[in-house]
Amino acid sequence: MEIQRRRNMSQEEIYQQRMASRTFLQAENLEPYGRAFARTPAKEITEGEKDVSAAGRVMAFRRHGRTSFLDLQDESGKIQLYVKRESLDGESAKFFDNLDIGDIAGAVGDTFRTKTGELTIAVRSLKILAKSLRPLPEKWHGLKDVETRYRCRELDLIMNQEVRDVFRKRSRLVELLRQFLTSRGFLEVETPMMHLLPGGAEARPFVTYHHTLGLNLYLRIAPELYLKRLLVGGFEKVFEINRSFRNEGISTLHNPEFTMLEAYSAFSDCQGMMELVEELINSCVTSLLGTEEISYQKERVNFSRPWKRIRWAEAFQQLGLDWRDEKQVQEKAESISSEEKDGLPRTHFDRLDAIFKKEIQPLLVQPTFVIEYPRAISPLAKCVPGSPEMTERFELFVAGLEIANAYSELNDPVEQRERFEEQISRQTPDRPKELDLTYVTALEFGMPPAGGLGIGIDRLTMILTDNSSIREVILFPLLRPR
RNA sequence: GGGCCGUUAGCUCAACUGGCAGAGCAGGGCACUCUUAAUGCCAAGGUUGCUGGUUCGAUUCCAGCACGGCCUACCA
C-alpha cells in the first residue's frame, strides 16, 4: 500500500488514467488511433454550416454539467466545439467520456454563434484520432522553460503560436530566396556534403568514415569549391541552399550545423554580387514583412537601398589605426582580447580580426557593406587591380551581425595554388594540411571570371524574426544529451 | 575553454536573515445547459537537478558534478 502511494506521482497517475481510457476504447472496439479524417481547416469554417468537420488537438475543456465547450486547435487556428452529451450517438459518447486535453479529435456538427459571438460547432459526432498519454503544459503561461522548449520542440510548437510563426517565416524566406534566384536564371544544384578535403572556409571540420571505401571523409564546411567547379563545367549561374558543418564552439550565433545560401554568377564580379544581394535581401524583407524598416532587439533597421559601404581599411582609420602598423595593432588588440588563438600566438591578421569584431562590427547596425578585405584573409578572392594587398571582396553587416560574404572569384590556377600554400603554412592543428589539387586542376581548365556570394540563412532569419539566439530559428538545435 | 546566473509538483511560479516546502493551472471527486484563464466545494500530487560537507536542523550556507541561459573565446 505504502509503495503504491509513492508511485502515484501526478505524472504517473495521469499516464495511467489515460492508458486506461485507451484500453477501454479498444475493448469497446473504438480505435483510439484513427485514420484519415476529412475535415475543414478551423479558419475556413463559417457560420450556419451543416455537417462541418473539424479535426485538431483539444487545447481546453470547459465542462458545465451536461454540456461542455472545447477548443480544438489545428494548424490554421482554433474552433470552439459545443458538446451536449445527450445529442451524441453511442460511439461518440464513449469517445467523449474518454476525451482529455491534448488528444487529437475529429468532430462533425452544425455551426452557430454563441451568446458571446464565438463561432462554434454543435457537435453531433465525435471521435478520438490520437489518444494523448501525457499532459500538456499549462494553458495560460504555456511552456516557458528554454531548455525544455529546445529539447521538446513539438511541445513548444503546440503551445507557442509565436514559435510556429518564426519557422513559417523561415520557410517563406527560403522560398523567396529560391524564387528570386531561379527567376534570374540561377540553377539550383546539390553538391556533396561529404568531402575528401574540407575547403572553402577556415574551420575545424567533422570527421566521418566510409567503411567499404575505407576512407576518412569530412562533413562540408562550405560548398564553395564544388560550386565553382560547376562554373568550369559551363553552368553560368548556380546556387545551393546548403547545410554546412563546423566543429567549433556553440553560441547564440553558432550552431554546429547551419544553413547557407551560396550563389555564383559567371562573368560577374564582387560589384555585381553586391547589387544582387542588395536587391535580393531588400525584396525578401519587403515581401516577408511588408516594410523596409524593421525593429530588431529595440533597434530600427532600414533596408531601403542603397546600403552604406565602407572600406575595411577606412574602418580602422576611423578608430585611429593604421592596419599595417603591427605595433599599433598589437597594442590595441592586447587591450581587447587574449594574445592566443587555438593555443597559438596571434598573428597580425588575427589581431585585426579581433579588433574588427569587437570595435567595428557592433557599430554596423544599418545594412552596411564593408569592402576590400586584405588578401591575407581572403584566399579565394581576386585582388584589387593596382592594390595587390587587397581583394575585391565585401561582407554585409546588419544589426552588428555578419550576414553575407562575397567576392570576385580568383580564377588564376597558379595564383590559387600559391594562396593555398600560404594558407596551409599558417594553418592551426586539427585541419588537414593538404592542398586541394582537384580544385586547382579544375581551375587549370579555365573558370570564367565570376562573382560569388554566401548568405547566412539562420542569421538572416534571426534578424527578420527579431530573435537574438540562433537556437530560436533552428527547429532542433544541438544540445548536450541530458 | 573561462566568467556570471539558474535548476522547487506534469506546467507556471512562491518560500524574509537556516526552523514541519506553498499556490495557480493540468489531473481526480461532487455541483452546474452559452462557457472561453468558466465558477464553487472536497481530496490528492514533492528524493527542492545529483553527490558530499557544515549544523541539533539545509530548498536556504559551503564544495564538487550534471544540464541550461547570458557574456567571453574559436568560428559564420
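Throughout, a chain's letter reflects where its sequence line sits, starting with A, and its residues are numbered from 1.
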Just call it for [X]: base, sugar-phosphate, or nothing, with non-hydrogen atoms closer than 4.0 Å on any strand.
X	answer
A/Lys78	nothing
A/Thr148	nothing
A/Arg134	nothing
A/Asp458	nothing
A/Gly249	base
A/Phe245	nothing
A/Thr252	sugar-phosphate
A/Lys115	base
A/Arg62	base
A/Leu479	sugar-phosphate
A/Tyr150	sugar-phosphate
A/Gly142	sugar-phosphate

*asked:* Using the side-chain contact (heavy atoms from CB on, under 4.5 Å) definition, which of the options A/Ser408, A/Ser378, A/Pro379, A/Cys270 pairs with A/Thr391?
replied: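 Per the side-chain contact (heavy atoms from CB on, under 4.5 Å) rule, the option paired with A/Thr391 is A/Ser378, out of A/Ser408, A/Ser378, A/Pro379, A/Cys270.
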Given the [atom1] atoms of [N] and [M], what is the spacing between them in whole Å?
N	M	atom1	value
B/C32	B/U48	P	41 Å
B/C30	B/A43	C1'	11 Å
B/G49	B/G68	C1'	11 Å
B/A58	B/C50	P	15 Å

Partner nucleotide of [N] by Watson-Crick or wobble geometry (both distances under 3.5 Å):
N	result
B/G64	B/C50
B/C41	B/G29
B/C13	B/G22
B/U35	none
B/A73	none

Check whether any side-chain N or O of [X] sits under 4.0 Å from OP1 or OP2 of [N], and answer yes or no.
X	N	value
A/Arg471	B/G69	yes
A/His141	B/C25	no
A/Arg482	B/A66	no
A/Arg18	B/G28	no

*asked:* Using the side-chain heavy atoms of A/Glu118, tell me which of these nucleotides is nearest: B/U35, B/C11, B/A26.
replied: B/U35
_Checking salt bridge (charged side-chain N to carboxylate O under 4.0 Å, His left out) between A/Asp156 and each of A/Arg471, A/Arg149, A/Arg151, A/Arg164, which is the one that passes?_
A/Arg149
*B/G24 base stacked by A/Trp140? Criteria: ring centres under 5.5 Å, plane angle under 30°.*
no
*asked:* For a side chain to side chain donor-acceptor pair (under 3.5 Å) check, start with the C-alpha distance between A/Thr465 and A/Glu472, then their side-chain angles and the critical distance, and finish with the verdict.
replied: CA-CA 9 Å; A/Thr465 59; A/Glu472 292 292 349; over 6 Å; no
_Below 30° counts as parallel, above 60° as perpendicular, anything between as tilted: where do the rings of A/Phe186 and A/Phe239 land?_
perpendicular
*Could you label the plane-to-plane angle of the A/Tyr226 and A/His195 rings as parallel, tilted or perpendicular, counting under 30° as parallel and over 60° as perpendicular?*
tilted
Rounded to the Å, how far apart are [X] [atom1] and [N] [atom2]?
X	N	atom1	atom2	answer
A/Arg153	B/G68	CZ	P	14 Å
A/Glu138	B/A26	CD	P	8 Å
A/Glu13	B/G46	CD	C1'	14 Å
A/Gln361	B/U72	CD	P	11 Å

*Would you indicate whether the side-chain heavy atoms of A/Phe245 and A/Tyr218 approach each other to under 4.5 Å?*
no
*Should the pair A/Arg153 and A/Phe476 be classed as cation-pi, given the thresholds of under 6.0 Å to the six-membered ring centre and 45° from the axis?*
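Cation-pi check for A/Arg153 and A/Phe476: fails.
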